[in-house]
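The block underneath contains the structure these notes are about, expressed in structure tokens.
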Amino acid sequence: MPVIPRDIDHPLNEASYDEMIRFWQHGVAQPTSVALLDPNNTKGFEPPPNLAAGQPPSPNDRRLTMLSANFRNNVLAPILDPAAPLPTPDSIPTPARTFELSNVAGGGVLPVPYPTKGGANTLEVWGFNASGGAGETWFPGTTIRVREGELVHSFLGPKFGSHTIHHHGVEPTPMNDGVGHATFLVGEGGYTYQWIAPEAGTYFYHCHKNTVLHFEMGMYGLLISDPDVPGAPFIDGGSGMVYRRDSLRSYQREVFWVIDDFDSRWHEDVIGMGHSVGIGTVGNEFLPIGGVPENSTVQLHRFDPDYFLVSGVIADPQSQAGGRQNVITNPSVSPTAQRGETLLFRVLNASYTSVTINFPAHLNPEVIAMDGRTLGRAPFVQYSNPFSMSSIGGRMTLSTAQRWDLLLNTNVPAGTYFVDIEYRHWVTQELLRTISIPVIIVS
Ligand SMILES: [Cu+2]
């Protein structure tokens, strides 16, 4: 496994003009860098205006505003090209795997089965897309699928505005972590994130710019790390191998349940005010919740979803089966298995509600992993164990960003079994909607 040096330990040669330029192009969050570099402020660093009270936001994303106005305007500005790709620190030129993602922010239109709060029949959605393919899946974004331990490059080339990729659950260097407000946002020039595929399991990636809004708009996708075995990474939805404790198990089908919800107000009124609107009024992007005036028009602390989705498919109350409404029968969500096959479910709660999944008594999957960590796998064998769904009453509850992996043995009578998913409000726990997914077992 190649070693990526930690940025924080990378010695900075202040005598090297090139190195200083590279350092400042990336920048690091105030006040750490200034405190580390120049505790007595002998070089005249100034805090970035967007962090200073009463100042307008920074006009650019490269944190050059941390420098003195003189250095920024007279030394750096003439030699920096805003459209040039940012360099990746400690870049290793020969990764085992590469991904190229561009954005379709502002360009995605999703048909909806009933009118939005604004009375429309479609909803604007943003997303990541592998470049060069019209008609490719872009919401949720292209799945990034890797093999445990390999070095990966994912290139982000935004087409609309600036964004980031945060590979959630992966632990890269700070500069490759894609947390916009801590490091930098990626503009049109693009950036190559470098990271090592983590322990086999289910992860996801998302944009980390004004996260609560960009994530809601659809800027996320699954990230699967497969065991380091021949044939990996495996085909989405097909057969493969997965860890159960320390041993490998094969499965015949893989099912992705990416659970999400939309508040159409966010997709209509809110984004009409720009990509950076947040909690509070426009122009006070990160006003604390306690300071939000009641007549604020943005109010990202108010989330009242009116659409409920699984893997990009919106549940329709008119879709009825088995005495239920909101039944999702799309085969990308509702699996059909031969009796006796083993199914692997990868469940992600990408909604802003608390989600409870109810399995019927006949289906009793085993929970083998949580949040990208295999239960009972070395070196943490003694701390956790796989457990059956029946041992927790057939109900599993996930909060936002949680992932559970389930192995289901379908050695049950052939038939249609309904798995019910309850969405509860993130504050009040009020039940907002119950949707159902048929799991069909044929003999
Ligand atoms: Cu974004």
Side-chain angles (χ1 to χ4, degrees), residues 26-27 29 50 57-63 82-83 85-86 99-110 123-131 136-144 154-170 172 174-193 195 203-223 258 260-279 282 285-286 298 300 303 309 312 348 350-352 400-401:
H26 286 286
N50 58 345
S58 165
N60 61 59
D61 290 324
R62 290 189 168 187
R63 308 307 294 257
L86 292 167
F99 296 90
E100 201 167 321
L101 300 173
S102 55
N103 291 293
V104 290
V109 173
L110 201 65
L123 207 59
E124 179 168 336
V125 181
W126 305 345
F128 293 98
N129 189 7
S131 60
E136 281 185 65
T137 302
W138 54 268
F139 171 72
T142 307
T143 297
I144 292 179
S154 30
F155 175 80
L156 172 65
K159 291 203 178 99
F160 300 92
S162 59
H163 301 276
T164 74
I165 303 176
H166 174 65
H167 302 84
H168 189 106
V170 177
M175 286 301 145
N176 289 296
D177 206 23
V179 182
H181 55 273
T183 51
F184 55 93
L185 302 168
V186 178
E188 57 184 301
Y191 181 75
T192 300
Y193 292 95
W195 46 283
Y203 300 79
F204 68 113
Y205 65 93
H206 61 85
C207 176
H208 221 311
K209 173 189 179 181
N210 196 15
T211 315
V212 70
L213 177 62
H214 287 221
F215 187 65
E216 160 69 8
M217 291 304 295
M219 299 201 71
Y220 68 85
L222 280 172
L223 193 168
V258 179
D260 200 354
D261 51 7
F262 287 156
D263 180 341
S264 60
R265 183 182 69 88
W266 288 35
H267 296 249
E268 296 178 321
D269 298 350
V270 171
I271 58 167
M273 302 172 204
H275 281 206
S276 300
V277 295
I279 295 169
V282 177
E285 296 174 4
F286 299 107
V298 180
L300 291 192
F303 185 76
L309 311 84
L348 160 67
S351 79
Y352 288 155
T400 303

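Start at 1 and go down the list; that is how both ligands and their atoms are numbered. Along the sequence shown, residues carry numbers from 1.
- Atom ND1 is the N/O/S atom of H214 found closest to the Cu ion (ligand 1).
- For H208, every N, O or S atom stays at 2.8 Å or more from the Cu ion (ligand 1).
- Checked against the 6.0 Å centroid threshold, Y352 and F303 count as a close aromatic pair.
- By the 30° and 60° cut-offs, the orientation of the rings of W126 relative to H163 is perpendicular.
- Within H163, ND1 is the N, O or S atom that lies nearest to the Cu ion (ligand 1).
- Ring geometry for H167 against W195 counts as tilted: the plane angle lies between 30° and 60°, on a 0 to 90° scale.
- Ring geometry for H208 against H206 counts as tilted: the plane angle lies between 30° and 60°, on a 0 to 90° scale.
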